[in-house]
Number of protein chains: 2
Amino acid sequence: MKNLPHKTIERLSQYRRALLLCHAKGMVHIYSHEIAKIQHITPVQVRRDIMLIGYTGTLRKGYNVKELIDLIGQIIDSEEGINVCVVGIGNLGRAITNYFSGKRTKLSIAAVFDVELSKVGKKYYRIDCFHIDDIPRIIKERKIEIGIMTVPGEDAPAIAEMLVKAGIKGLLNYTPKPVNVPDDIYLEEYDMITSLEKVAFFVKTHH
Amino acid sequence: MKNLPHKTIERLSQYRRALLLCHAKGMVHIYSHEIAKIQHITPVQVRRDIMLIGYTGTLRKGYNVKELIDLIGQIIDSEEGINVCVVGIGNLGRAITNYFSGKRTKLSIAAVFDVELSKVGKKYYRIDCFHIDDIPRIIKERKIEIGIMTVPGEDAPAIAEMLVKAGIKGLLNYTPKPVNVPDDIYLEEYDMITSLEKVAFFVKTHH
DNA sequence: TTAACAATGTGAAATAATTAACATTTTTCT
DNA sequence: AGAAAAATGTTAATTATTTCACATTGTTAA
Ligand SMILES: NC(=O)c1ccc[n+]([C@@H]2O[C@H](COP(=O)([O-])OP(=O)(O)OC[C@H]3O[C@@H](n4cnc5c(N)ncnc54)[C@H](O)[C@@H]3O)[C@@H](O)[C@H]2O)c1
Ligand SMILES: NC(=O)c1ccc[n+]([C@@H]2O[C@H](COP(=O)([O-])OP(=O)(O)OC[C@H]3O[C@@H](n4cnc5c(N)ncnc54)[C@H](O)[C@@H]3O)[C@@H](O)[C@H]2O)c1
């Protein structure tokens, strides 16, 4: 049960998001094919993932929504929660900060950073904005383990280095500029143009 | 050469992004290991992808940057370019629109839509904003083939349906609510929480 | 009671993606 | 010229992920 496939981790997160909605609507049980429908995947895939985390549903009734939510939490969340910061509070940084501030997950944005003095000292969606020079201090004080970068591309390498030096453990880079980090830092990069070009390609080649 | 792996398509888009920067810097040739370094992957992977699109480099000199950029374009772009729209011009919608307006790719945002009357009629980064009731008309008039959804989650299913009815071919859903579309529409969904939870998981389990 | 049904759970097969291994070729060095 | 080095290109092996196929078992209905 220790080595879950990367893809399974991603799907578990998605299952939970969907399950939380189901739970809010009062659903007690859910079938694998219902989850599958929501996620646009096959029911077998869902059952396999659930099997991998060692949960077992009730024959004919499906899975207990609440139990499954809790178990997924035990697998992917950290007991104590993880603090995150956003660097670069422009359009994208605000979109992300706003999006998170609504949720109550184990992940919380504990600080945002920017260079613009007009932004420093303000609050964004209730989160304090600090100057990037304070990155080392605030990251330690607030026990921040993950950084989200939404600065202009050309500043990304420098900010990545600052975050790593400050002791960050994981980095989510939304700038279009790939950055280098030491091996022990988990790095994830995402670029919308890639997604969109992929959609365009498959549209072009009619799937 | 016809059936390229999905992952290869994604990487080709990323290679091109990096290659364009290299080209701008005046680089004429590039080695597979240099591309690999930028993308955090192995040189073999790079060579394999390039092999799949039928390009061949020069031994000892690597790949011609300009030629490779052009070839990737021939593979993933459409000759005539593809028009895209953004629905929901809030923080995220603006971030995306702004991001694209800078680039000159074959993909261009040809319209944005919103419900808020205060936004309708304005321009965002030079793109006209229309009311969602105009979706059918504008999508036809401006030959828009791909839609990007950045509306509140609860509105996503309705907007998806409108876009599909209007004749969209591909859909990129950034809302946290998975939507259903007919089989012949290419759908891609992305949620930051999933990415972040994945980072958190692998940070927790020290890779 | 029994048959049909509708679900889960899972070993095994199939498919997709990555990596290893190495032949080949050009360049450089002695 | 010949040897060593440094690249590419590609087959084969490996690994990762998905799907198939079906045993199992509650539930419903005749
Ligand atoms: N990954 C994606 O899909 C995607 C989508 C849209 C935008 N982007 C990228 O995200 C980044 C932000 O986009 P945006 O639309 O929010 O831009 P923006 O200009 O609105 O915001 C950038 C913010 O970063 C701040 N900043 C500038 N230099 C900084 C530094 N050295 N340290 C800290 N903060 C700094 C600016 O003051 C500003 O607040 C850009 O790199 C953009 O290309 C990525
Ligand atoms: N995928 C991600 O990673 C990610 C990140 C951040 C936010 N989000 C999601 O993206 C969406 C937008 O986020 P945001 O921060 O930009 O929110 P926002 O509130 O700033 O913007 C939403 C915009 O949609 C408009 N709108 C509302 N209903 C509409 C409708 N029926 N038709 C058209 N437009 C409508 C609003 O007027 C507003 O302009 C939300 O669903 C949010 O949860 C996703």
Side-chain angles (χ1 to χ4, degrees), chain A residues 1-15 19 22 27-68 71-72 75 183 188 194 198 201-202 205 207, chain B residues 1-15 19 22 27-68 71-72 75 183 188 194 198 201-202 205 207:
Chain A
M1 212 268 275
K2 216 62 279 206
N3 276 9
L4 295 169
H6 284 221
K7 287 291 183 67
T8 294
I9 299 297
E10 286 180 14
R11 283 191 301 263
L12 287 173
S13 164
Q14 291 163 358
Y15 297 163
L19 289 168
C22 295
M27 280 177 69
V28 178
H29 288 95
I30 193 166
Y31 298 125
S32 61
H33 67 257
E34 294 176 299
I35 300 178
K37 183 85 187 302
I38 299 172
Q39 303 300 143
H40 318 297
I41 56 178
T42 66
V44 202
Q45 180 97 81
V46 173
R47 294 204 298 276
R48 164 81 43 183
D49 287 333
I50 290 174
M51 186 193 102
L52 288 173
I53 62 172
Y55 183 67
T56 133
T58 311
L59 201 45
R60 272 308 279 254
K61 268 174 140 184
Y63 303 95
N64 181 295
V65 175
K66 185 59 170 45
E67 282 176 17
L68 192 46
L71 182 57
I72 292 175
I75 305 283
D183 273 357
E188 175 103 358
T194 293
K198 192 171 130 193
F201 176 82
F202 287 109
T205 58
H207 272 207
Chain B
M1 214 267 276
K2 217 61 279 206
N3 274 9
L4 296 168
H6 283 221
K7 287 292 183 66
T8 294
I9 299 297
E10 286 180 15
R11 281 190 302 262
L12 287 173
S13 163
Q14 290 163 359
Y15 297 164
L19 289 168
C22 294
M27 280 178 69
V28 177
H29 288 95
I30 191 166
Y31 298 125
S32 60
H33 67 258
E34 293 177 299
I35 300 178
K37 184 86 187 302
I38 299 171
Q39 303 300 144
H40 319 298
I41 56 178
T42 65
V44 201
Q45 180 96 83
V46 174
R47 294 204 297 277
R48 154 88 26 176
D49 288 332
I50 290 174
M51 187 193 100
L52 288 175
I53 61 172
Y55 184 67
T56 132
T58 310
L59 202 46
R60 272 311 278 253
K61 268 175 138 184
Y63 304 95
N64 181 295
V65 175
K66 184 60 171 45
E67 282 176 16
L68 191 46
L71 182 59
I72 292 176
I75 305 283
D183 273 357
E188 173 104 358
T194 293
K198 192 171 131 193
F201 176 82
F202 287 110
T205 58
H207 275 206

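Naming convention: chains lettered A, B, ... in sequence-line order (proteins, then strands); numbering from 1 in each chain. Source: prediction; values computed, not measured.
As rounded to whole Å, 20 Å separates atom P of D:dT15 from atom CD1 of B:Ile41. In this entry the distance linking CD of B:Gln45 with P of C:dA17 reads 10 Å, nearest Å. A straight line from NZ of B:Lys7 to P of C:dA16 spans 13 Å, rounded to a whole angstrom. Between the NE2 atom of B:His6 and the C1' atom of D:dT18 there is a distance of 14 Å, rounded to whole Å. Nucleotide C:dA7 holds its P atom 14 Å from the NE2 atom of A:His29, rounded to whole Å. Taking atom CG of B:Asn3 as the reference point, atom P of C:dT15 lies 14 Å away to the nearest angstrom. Computed from coordinates, the A:Asn64 CG to C:dT8 C1' distance equals 15 Å when rounded to whole Å. One atom, CG of A:Leu52, and another, P of C:dT10, lie 10 Å apart when rounded to the nearest Å.
Atom OG in B:Ser32 sits 10.0 Å away from atom CD1 in B:Ile41 (nearest 0.5 Å). Between the NZ atom of B:Lys66 and the NE2 atom of B:His29 there is a distance of 13.0 Å, given to the nearest 0.5 Å.
Pairing each heavy atom of B:Asp49 with each of B:Arg11, the nearest pair is OD2-NE, 2.6 Å. Here the closest heavy-atom approach between residue B:Leu19 and residue B:Val65 is recorded as O-CG1, 3.6 Å.
For the residue pair A:Tyr55 and A:Glu67, a side-chain donor N or O sits within less than 3.5 Å of a side-chain acceptor on the partner.
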When you check every protein heavy atom under 4.0 Å of nucleotides 6-14 of chain D, what one-letter string (B, S, -) results, 5' to 3'?
BBBBBBB--
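Using a 4.5 Å heavy-atom threshold, the side chains of B:Ile9 and A:Phe202 count as touching.
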